[in-house]
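Working notes, beginning with the structure itself.
Proteins get letters first, then strands, A, B, ... in listed order; numbering begins at 1 in each. As the structure is a prediction and not an experimental result, all values here were calculated from the model.
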There are 2 protein chains.
Amino acid sequence: MTDTFVSNPSFFKLDATLKKLRNYWQKKFDAEQKDITVDQWLLIENLYKHKKTTHNELARNTSKDITTISRIIELLVKKGLVKREADAQDRRKVYLQLTPAGVDKYKDVKSLVYDMRKIGWKTLTETDYAELTRILDTIYANIPS
Amino acid sequence: MTDTFVSNPSFFKLDATLKKLRNYWQKKFDAEQKDITVDQWLLIENLYKHKKTTHNELARNTSKDITTISRIIELLVKKGLVKREADAQDRRKVYLQLTPAGVDKYKDVKSLVYDMRKIGWKTLTETDYAELTRILDTIYANIPS
DNA sequence: AAACAATAGTTGCCATAGCAACAGTTGCTA
DNA sequence: TAGCAACTGTTGCTATGGCAACTATTGTTT
């Protein structure tokens with residue numbers, strides 16, 4: 001692996017791309033008055049798919065710190081999109097699930113997200129997607145935890 | 001482009017990979033008592049390469065918000081790694097440059113960063129790097145500003 | 001059973017991200 | 001030259017990210 005290669009700014013490029021994506025999504029959300037942030041959306045999407053999870057599971061599934069989950073969930077509860085439910089057996093556990101309003105929000109925002117994903121990929125192929133996935137997964141696996 | 005393709009979580013994967021990278025770097029910085037954050041490092045690296053820049057240029061070069069630059073620079077000034085210098089012609093402008101201590105910090109941290117970059121890429125090839133660059137650049141270009 | 005370890009989640013703190021509002025300066029134009 | 005637009009940077013506010021310390025609960029060990 002050459003010097004030039006290693007010193008090339010892949011970290012920077014990842015960061016820049018992700019920021020531009022997040023920014024674009026957020027502006028669309030704001031323009032269409034969805035009244036959520038991109039990360040709040042990610043949790044809603046995850047809760048829709050898993051129906052009923054705990055903070056810890058959500059943290060693992062979304063690659064977010066559990067403290068961040070705790071705070072985002074707090075905001076979603078205040079917005080009436082998520083409800084907490086105590087576990088009867090283990091009183092430390094709190095189950096999280098979307099309220100009916102949360103399910104509505106998911107359905108409302110879903111198609112917008114779908115469209116935005118298409119825009120990011122518009123000039124790329126399925127092979128490109130597979131390549132990106134492979135490379136990012138490899139980098140992820142290469143980094144010690 | 002298929003449904004499955006579009007609904008696949010590339011945003012999530014980018015985010016997860018970047019977080020793991022940033023985390024790994026930060027832990028190494030902390031373990032070796034470099035006393036800087038990853039983003040502070042990115043500004044130091046940029047200032048080393050450009051010698052003398054303004055907040056605006058630095059924001060463009062690093063893909064960071066100018067308010068974020070303003071605050072990170074404030075921290076670096078407090079640490080004695082960066083100094084501000086007013087422009088004689090245009091009194092709105094402030095030039096930024098590394099102090100001698102800032103240059104030392106750059107030289108001190110550089111090899112550590114070099115090693116970490118190698119670790120992320122250890123099982124990948126130059127072709128992989130070129131592919132990643134191409135795909136990320138394409139996504140970046142596809143997103144409206 | 002008492003002591004201790006492990007687990008689930010919250011809160012405090014500081015750093016980064018981005019928007020809006022602001023102050024000061026400079027350039028343009030009527 | 002007065003007024004306004006554009007530019008440079010800062011500050012306030014809210015959200016996310018991550019570490020450390022904390023509470024409460026449950027499981028384990030002696």
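Closest contact between the side chain of A:Ile66 and the listed nucleotides D:dT11, C:dG9, C:dT16 involves C:dG9. Proximity note for A:Leu75 (side chain, C-beta onward) versus C:dG12, D:dT16, D:dT10: the nearest is D:dT16. The A:Asn23 side chain lies nearest to C:dC19 when the options are C:dG9, D:dT16, C:dC19. Closest approach to the B:Asp39 side chain among C:dT16, C:dG9, D:dG18 is made by C:dT16 (side chain taken as heavy atoms from C-beta onward). For A:Ile72, taking side-chain heavy atoms from C-beta onward, the closest of the listed nucleotides D:dG17, D:dG18, D:dT10 is D:dG17. Closest contact between the side chain of A:Thr54 and the listed nucleotides C:dA15, C:dA17, C:dG9 involves C:dG9. Taking the side chain of B:Asp90 as heavy atoms from C-beta on, and the options C:dC19, C:dT16, C:dT26, the nearest nucleotide is C:dT26. Of the candidate nucleotides D:dT8, D:dG17, D:dG18, D:dT8 has the atom lying nearest to any side-chain atom of B:Lys93. Across C:dT10, D:dT11, C:dA6, the shortest atom-to-atom separation from the side chain of B:Arg71 is found for D:dT11.
Note on B:Gln89: only backbone sugar-phosphate atoms sit closer than 4.0 angstrom, heavy atoms only; bases stay farther off. At a threshold of 4.0 angstrom between heavy atoms, the contacts of B:Thr37 are confined to the sugar-phosphate backbone, with no base atom among them. Counting non-hydrogen atoms under 4.0 angstrom, B:Gln40 reaches the backbone sugars and phosphates but no base. Using a 4.0 Å heavy-atom criterion, one finds that A:Asn56 contacts the sugar-phosphate atoms exclusively. As judged by a 4.0 angstrom heavy-atom cut-off over every strand, A:Glu74 is placed among residues making no nucleic acid contact.
Residue-to-nucleotide contacts include no donor-acceptor pair under 3.5 Å from the side chain of B:Ser70 to the base of D:dG9.
Mapping B:Thr68 and B:Arg92 onto DNA chain C by nearest heavy atom places B:Thr68 at the nucleotide closer to the 5' end. Position along DNA chain D of the nearest nucleotide to A:Ser63 versus B:Glu57 favours B:Glu57 as the more 5'-ward residue. Taking for each of B:Thr67 and B:Arg60 the nucleotide of DNA chain D with the nearest heavy atom, the 5'-most of the two is the partner of B:Arg60.
Using a 4.0 Å cut-off between charged side-chain N and carboxylate O, B:Asp35 and B:Lys105 make no salt bridge. With respect to B:Lys52 and B:Glu57, no salt bridge is recorded, no charged nitrogen being found less than 4.0 Å from a carboxylate O. Between A:Asp115 and A:Lys28 no salt bridge is recorded (no basic side-chain N to carboxylate O distance below 4.0 Å). Using a cutoff of 4.0 Å between basic side-chain nitrogens and carboxylate oxygens, A:Arg71 and A:Glu74 are not scored as salt-bridged.
The closest side-chain heavy-atom distance from B:Lys64 to B:Leu43 is below 4.5 Å. Counting only heavy atoms from C-beta outward, the side chains of B:Tyr95 and B:Thr54 approach each other to under 4.5 Å.
Rounded to an integer number of Å, the gap from B:Lys64 NZ to D:dT16 C1' is 14 Å. Atom-to-atom, NZ of A:Lys19 to C1' of D:dT16 comes out at 13 Å; the value is rounded to the nearest Å. Atom P of nucleotide D:dA24 and atom NE2 of A:His55 are separated by 17 Å, given to the nearest angstrom. Summarising the geometry, the separation between CZ on A:Phe29 and C1' on D:dA15 is reported as 15 Å, rounded to the nearest angstrom. What separates CZ of A:Arg91 from C1' of C:dT7 is a distance of 15 Å, to the nearest Å. The distance between atom CG of A:Asp87 and atom C1' of D:dG27, rounded to the nearest whole Å, is 15 Å. Following rounding to the nearest Å, A:Asp65 (CG) and C:dG9 (C1') show an atom-to-atom distance of 12 Å. Atom CZ of B:Arg22 is separated from atom C1' of D:dG18 by 11 Å (rounded to the nearest Å).
Under the 4.5 Å side-chain heavy-atom criterion for Ile, Leu, Val, Met, Phe, Trp and Tyr, B:Ile73 and B:Val94 are members of the same hydrophobic cluster.
Under the Watson-Crick or G-U wobble criterion, with both distances below 3.5 Å, C:dA30 is paired with D:dT1.
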